[in-house]
Amino acid sequence: MDDMNELVAQRHKKLAELRESGNDPFSNRFDPETTTAAVREAYDAVTKDALEAEHRFASIAGRIVAMRDFGKAAFVHIQDATGRLQLYFRKDLLGDQYAQVKKLDIGDIIGVKGRVFRTRTDELTLEVNEYVLVTKALLPLPEKWHGLKDVELRYRQRYVDLIVNPQVKETFQKRSAIIKAVRDFLEAKGFIEVETPMMHQIPGGAAARPFSTHHNALDIDLFLRIAPELYLKRLLVGGYDRVFELNKNFRNEGISIKHNPEFTMLEFYVAYKDYRYLMDFTEELFATIANKVLGTLKVPYGDHVIDLTPPWPRIPMLESLRQKGVPDAVMTDRDFALKWAWEQKLEVKKDSSHAKIIDEVFKEFVEQYLVQPTFITDYPVELSPLAKRKPENPELTERFELFIAAREIANAFSELNDPLDQRRRFEKQVEAKQQGDDEAHAMDEDFVRALEYGMPPAAGEGIGIDRLVMLLTNSQSIRDVILFPQMKPEAQ
RNA sequence: GGGCCAUUAGCUCAGCUGGUAGAGCAGCUGACUCUUAAUCAGCGGGUCGGAGGUUCGAAUCCUCCAUGGCUCACCA
């Protein structure tokens with residue numbers, strides 16, 4: 001901030017004057033006894049006359065967000081972590097101190113003590129007896145009517161966004177409540193929370209390009225994890241039968257309204273259960289969280305109201321295609337599927353596998369219609385290198401993805417625990433990688449070794465927490481639920 | 001990475017087919033002891049995102065660059 005404009009220069013001048021007069025513009029000598037919300041709660045039901053009779057006092061601290069000066073009196077709104085409250089400064093009460101009130105600016109943080117009363121318009125207000133400036137603001141806040149709208153500024157200077165846009169603060173309070181509700185739910189179900197490495201020597205557990213870094217002392221390349229999956233399953237081998245991890249994953253891919261390079265993922269694993277169990281479990285989880293955080297299962301989202309009331313439809317993937325009029329031959333005949341996809345103007349590569357073509361067709365013909373919660377089940381084995389095959393059809397897997405608001409929000413399957421099959425599937429991925437698929441898995445020998453010791457049958461699920469928060473806060477962009485989304489460097 | 005759009009005062013925005021920059025809020029000065037978008041009078045504030053070009057003249061037209069938004073591709 002080199003450009004010292006007039007507004008900023010004025011504030012620096014006030015700051016210097018305060019220092020000269022012996023007042024510390026960054027004083028730490030104020031400890032509020034209560035909050036604006038607590039004051040409101042305590043006196044909301046108390047009438048004007050009762051307050052006049054009682055003479056109740058309170059001390060609070062907060063940032064000045066509005067000021068109306070009358071010469072010998074002034075009304076000021078301050079905002080603390082819990083809300084806003086009006087203050088009333090009067091010259092006849094404050095005497096000499098009143099001159100300093102005129103030096104206060106919107107944005108300054110002050111501590112006040114005073115009597116609670118109601119104004120003529122019945123607004124609960126604090127009549128200030130003493131006040132102290134605890135933090136001088138050197139930069140002016142955005143305008144009071146429109147707030148801060150410029151999305152670039154909102155993301156880059158989230159601190160300002162949080163000061164002036166109350167709904168932003170609310171969103172992140174809800175985010176915190178959602179995450180707490182998830183933890184409470186899982187702990188009540190007997191899970192333990194674990195932390196597995198963020199830095200992987202072999203990035204695995206998902207199909208994605210990783211960020212790479214380097215460890216100097218060991219002189220090895222490391223990758224920021226794209227998923228914790230393979231480590232969590234090692235813990236099943238170790239004997240924990242219910243584990244979860246709720247933390248960041250990192251994927252070196254495009255940024256969009258649905259994607260941030262680092263994002264928060266919940267993964268959990270249950271021994272001796274399969275993917276059917278997880279569908280019931282997921283319904284209960286979502287319903288519990290929505291009830292706790294929003295108090296309802298009917299969630300407004302964009303133009304829709306999402307109804308989270310269980311049970312949700314469960315549709316096998318191929319069946320979902322049939323329902324949208326995709327011909328049967330697409331499911332059974334790879335060459336026909338390619339031809340048909342091209343006829344539908346889908347961008348499918350000539351050498352794509354049958355499963356990849358089906359996946360494309362699904363995205364185009366089904367996914368965008370899955371507004372209400374829907375489980376799509378039984379994905380082709382090729383798209384699911386870590387999932388268990390269906391006994392009655394080994395080309396399909398015991399897997400589901402949960403779609404809400406036309407977005408994948410959870411992915412789960414019965415975990416493959418046959419080390420020989422796992423090794424073959426890794427080998428197939430390695431082949432794909434050599435043929436240029438840079439999102440294919442690498443071989444993880446240690447993971448196969450772990451399976452060779454024996455992993456109990458288990459079901460595992462991943463839930464994109466950011467997307468869950470988007471859903472429950474009616475946010476259209478992932479950047480609205482991540483406090484500091486990734487941005488390019490600020491232009492100089 | 002591709003396409004489309006945007007960038008003007010601290011903030012929110014006007015600015016026509018090119019004629020030399022405006023409003024509201026915020027700020028400053030003054031008046032005002034129940035206002036809440038307070039009111040009233042006055043004042044200051046701009047490398048028009050950056051660099052080139054066309055033109056007698058560019059915020060406006062053209063080119064390149066930067067950042068952002070949406071979108072497509074990849075993915076969760």
Quickly work out the A/I255 CD1 to B/A76 C1' distance and round it to whole Å.
14 Å

Non-neighbouring partners of A/F426 that pass ring-ring contact (aromatic ring centres under 6.0 Å, His included), sequence neighbours left out:
A/H441

Pick base, sugar-phosphate or nothing for A/N252, based on heavy-atom distances below 4.0 Å to the nucleic acid.
nothing

Whether A/F268 and A/F281 hold their rings parallel, tilted or perpendicular, with breakpoints at 30° and 60°
tilted

A/R225 and A/T196: side-chain hydrogen bond (donor to acceptor under 3.5 Å, both in side chains), yes or no, with the steps?
CA-CA 10 Å; A/R225 75 178 186 190; A/T196 64; 3.3 Å; yes

If the threshold is 4.0 Å, N to carboxylate O, is there a salt bridge linking A/D92 and A/R90?
yes

Gap between atoms CG and P, on A/L266 and B/A76 respectively (whole Å)
16 Å

The correct list of stems in which RNA chain B takes part (3 or more consecutive Watson-Crick or G-U pairs, distances under 3.5 Å) is B:1-7 with B:66-72, B:10-13 with B:22-25, B:27-31 with B:39-43, B:49-53 with B:61-65

With respect to the phosphate group of B/C70, does any side-chain polar atom (N or O) of A/R479 fall under 4.0 Å of OP1 or OP2?
yes

Measure the acute angle between the ring planes of A/Y131 and A/F89, then classify it against the limits of 30° and 60° as parallel, tilted or perpendicular.
perpendicular

If the condition is salt bridge (Lys or Arg N to Asp or Glu O under 4.0 Å), which residues does A/D69 pass it with, not counting sequence neighbours?
A/K102

Can you list the residues that meet the ring-ring contact (aromatic ring centres under 6.0 Å, His included) rule with A/Y379, with sequence neighbours excluded?
none

Using the test salt bridge (Lys or Arg N to Asp or Glu O under 4.0 Å), find all partners of A/E431 that sit at least two apart in sequence or belong to another chain.
none

Tell me whether the side-chain N/O atoms of A/K349 come closer than 4.0 Å to OP1 or OP2 in B/C74.
no

With C1' as the reference atom in both, quote the distance from B/C13 to B/A26 in angstrom, rounded to an integer.
14 Å

So if I take every side-chain heavy atom of A/R68 and compare against B/C74, B/G27, B/U35, which nucleotide ends up nearest?
B/U35

With salt bridge (charged side-chain N to carboxylate O under 4.0 Å, His left out) as the rule and sequence neighbours excluded, what pairs involving residues 131-142 of chain A come up?
A/D105-A/K136, A/D108-A/K136

Could you check whether A/Y155 gets within reach of a base, just the sugar-phosphate, or nothing at all, counting any heavy atom under 4.0 Å?
sugar-phosphate

What nucleotide among B/A76, B/C32, B/U35 has an atom nearest to a side-chain atom of A/I478?
B/A76

For A/E41, enumerate each residue passing the salt bridge (Lys or Arg N to Asp or Glu O under 4.0 Å) test, keeping only those at least two apart in sequence or located in another chain.
none

Atom CG of A/L104 and atom P of B/A26 are separated, to the nearest Å, by 16 Å

Pairs under 3.5 angstrom, nitrogen or oxygen only, protein versus nucleotides 41-48 of chain B, please.
residue	atom	partner	partner atom	Å
B/G44	N2	A/E6	OE1	3.4
B/G45	O4'	A/E6	OE1	3.2

Mind listing the N/O atom pairs, protein and nucleotides 12-14 of chain B, below 3.5 Å?
residue	atom	partner	partner atom	Å
B/U12	OP1	A/K149	N	3.0
B/U12	OP1	A/D150	N	2.8

Considering every strand and a 4.0 Å limit on heavy-atom distances, what is the contact class for A/G464: base, sugar-phosphate, or nothing?
nothing

Can you check the distance between B/C61 and B/G19, where both ends of the measurement are the C1' atom (answer in whole Å)?
14 Å

Would you indicate what A/D69 reaches in the nucleic acid, counting non-hydrogen atoms under 4.0 angstrom: base, sugar-phosphate, or nothing?
base

C1' atom, B/A6 versus B/C48: distance in rounded Å?
14 Å

Per A/F263 side chain, nearest of listed nucleotides B/A76, B/U35, B/U71:
B/A76

Does any part of the side chain of A/Q86, heavy atoms only, come nearer than 4.5 Å to the side chain of A/T119, both counted from C-beta?
yes

Within the 4.0 Å heavy-atom criterion, would you say A/M487 contacts the bases, only the backbone, or no part of the nucleic acid?
sugar-phosphate

Side chain of A/V151 only, heavy atoms from C-beta on: which candidate in B/A38, B/G69, B/C34 is closest?
B/G69

Ignoring backbone atoms, test whether A/K488 places a side-chain nitrogen or oxygen under 4.0 Å from the OP1 or OP2 oxygen of B/U67.
yes

Does any pair with a residue in residues 458-487 of chain A pass salt bridge (charged side-chain N to carboxylate O under 4.0 Å, His left out), and if so which ones, sequence neighbours excluded?
A/R154-A/D480, A/R175-A/D466

Atom P, compared across B/U60 and B/U8: separation rounded to whole Å
13 Å

Under 4.0 Å, counting only non-hydrogen atoms across every strand here, what does A/A74 touch: a base, just sugar-phosphate, or nothing?
nothing

Taken in chain and number order and not counting sequence neighbours, the residues that satisfy salt bridge (Lys or Arg N to Asp or Glu O under 4.0 Å) with A/R56 are A/E54

Partners meeting ring-ring contact (aromatic ring centres under 6.0 Å, His included) with A/Y43 (sequence neighbours left out)
none

Nearest to the side chain of A/D105 - B/A76, B/C28, B/C74?
B/C28

Which part of the nucleic acid, if any, lies within contact of A/R154, taking any heavy atom under 4.0 Å across all strands shown: a base, the sugar-phosphate backbone alone, or nothing?
nothing

Measuring only the C1' atom in each nucleotide, how far is B/C32 from B/G69? A whole number of Å is fine.
46 Å

RNA chain B: A/P140 or A/K48, which has the more 5' nearest nucleotide?
A/P140

Closer to the 5' end of RNA chain B via nearest nucleotide, is it A/Q10 or A/I409?
A/Q10

Determine whether a donor-acceptor pair (one donor, one acceptor, N or O, separation below 3.5 Å) exists between the side chain of A/Q86 and the base of B/U35.
yes

